[in-house]
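Shown next, in structure tokens, is the structure this report addresses.
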Amino acid sequence: MTETIRVEAASRAYDVVVGVGVLDELGERLRGACYADAAFVVTDSHVGPLYLRRTLDALEAAGLRTSSITVPAGERFKRLDTFGSILEAMAAEGLTRDSVVVALGGGVVGDMAGFAAASYMRGIQVVQVPTTLLAMVDSSVGGKTAIDLDAGKNLVGAFLQPSLVVADVETLRSLEDDVFVDGLGEVAKHAVLADQALFDSLLGAPLTRNSDASALVEVVARNVAIKRDVVNADERERGLRQTLNLGHTIGHAVEAASGFSLGHGHCVAIGLCCVTRATESLGWTSPGVAERVERLVAAQGLPTDTDVPHDTIVSFATHDKKRHGDGVSLVVVGDVGRCEIRHVSLREFAHIVELGCGVDA
Ligand code: GLY
């Protein structure tokens, strides 16, 4: 039960392998995907105890020399000092341009290890091994890598497409419910953007970490394919890829305001609902869509609103990367499966926040 999705981004083509037990095939698959004699695994204090030994065994069985670093888990560690310690460890282990970084973990590990690979010796290969739903359906695919600054999330980073992504859905079973559900925020976003059938099926039968392996593989693969289509068309986010930021302007602000205690996917779900409520009341979204989006989000066990003060949201959004000149680029849902980018002034954005946020809270 394995699905392979081929990404053909402008800078690199690679496979995303989604299956059961594929972690044990990592070494062989990596050998087929990149030239490397040594692999450096970056993982965190949650994932390392569960999967690091198995990952190293799979790599060593394929004849690769291995070394690793385990960093503290959590978004608050996606910072310059952790990033620096990864680079220092890579140098201490004698990594060369023939080495590959293996990112084993969720979105934070993937972003930070990817950026370390993009920076070390001006760029070496990276293989992504996502172990959370959010990383499988979104952050491990498409080549965005980054760390956070005091001034905002993901403010420093690089594009580096992985040479391979290996997503073993069995790792989802060891997630806490809340962490699994977090990934459903990005799944809901993809369904709203591009897939009425996925939207309907998630409304009817929400995915859980105990769902059949075949259902997990199917939903992850479908989401990867949605993202693949966007990345193939617009790797560098000049146009179409901006639509993947649906819900993120308000979502990032809520996430920052929570001190990153609320998961990214939860915040995207909130942003998705808030912006759609507002744009429906402005007449930019077909009637009834906001209510359908809220039902989808709530059915996944995710929040649909926030009590973060409006001026706090606007203030965080003004520091967001999606700010352009005196306004922000906002992804607006016309209907399920149809959206557009609108440039709104900060004043209009403040009005949107007033219309859409804190309505149900
Ligand atoms: N997470 C949105 C993107 O990769 O573009």
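Each ligand, and each atom within it, is numbered from 1 in the order the structure gives.
- R79 has no carboxylate O lying under 4.0 Å from a charged side-chain N of D148, or vice versa, which leaves the two without a salt bridge.
- When hydrogens are left out, the protein atom nearest atom 4 (O) of ligand 1 is K227 NZ, 2.6 Å; that is the closest non-hydrogen contact.
- Among the atoms of D138, some N or O lies under 3.5 angstrom from an N or O of ligand 1.
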- prompt: Going through the checks in order, is the ring pair (Phe, Tyr, Trp, His ring centres under 6.0 Å) test met by H264 and H248?
  reply: CA-CA 9 Å; H264 176 71; H248 281 60; 5.1 Å; yes
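- Of all heavy-atom pairs spanning S67 and L95, the tightest one is OG-CD1, 4.2 Å.
- Counting the atoms of ligand 1 from 1 in the order shown, those under 4.0 Å from a heavy atom of R241 are 3 (C), 4 (O), 5 (O).
- When all heavy atoms of T249 and S329 are compared, the pair lying nearest together is OG1-O, 3.9 Å.
- Contact analysis leaves E186 out of contact with ligand 1, as no non-hydrogen atom separation drops below 4.0 angstrom.
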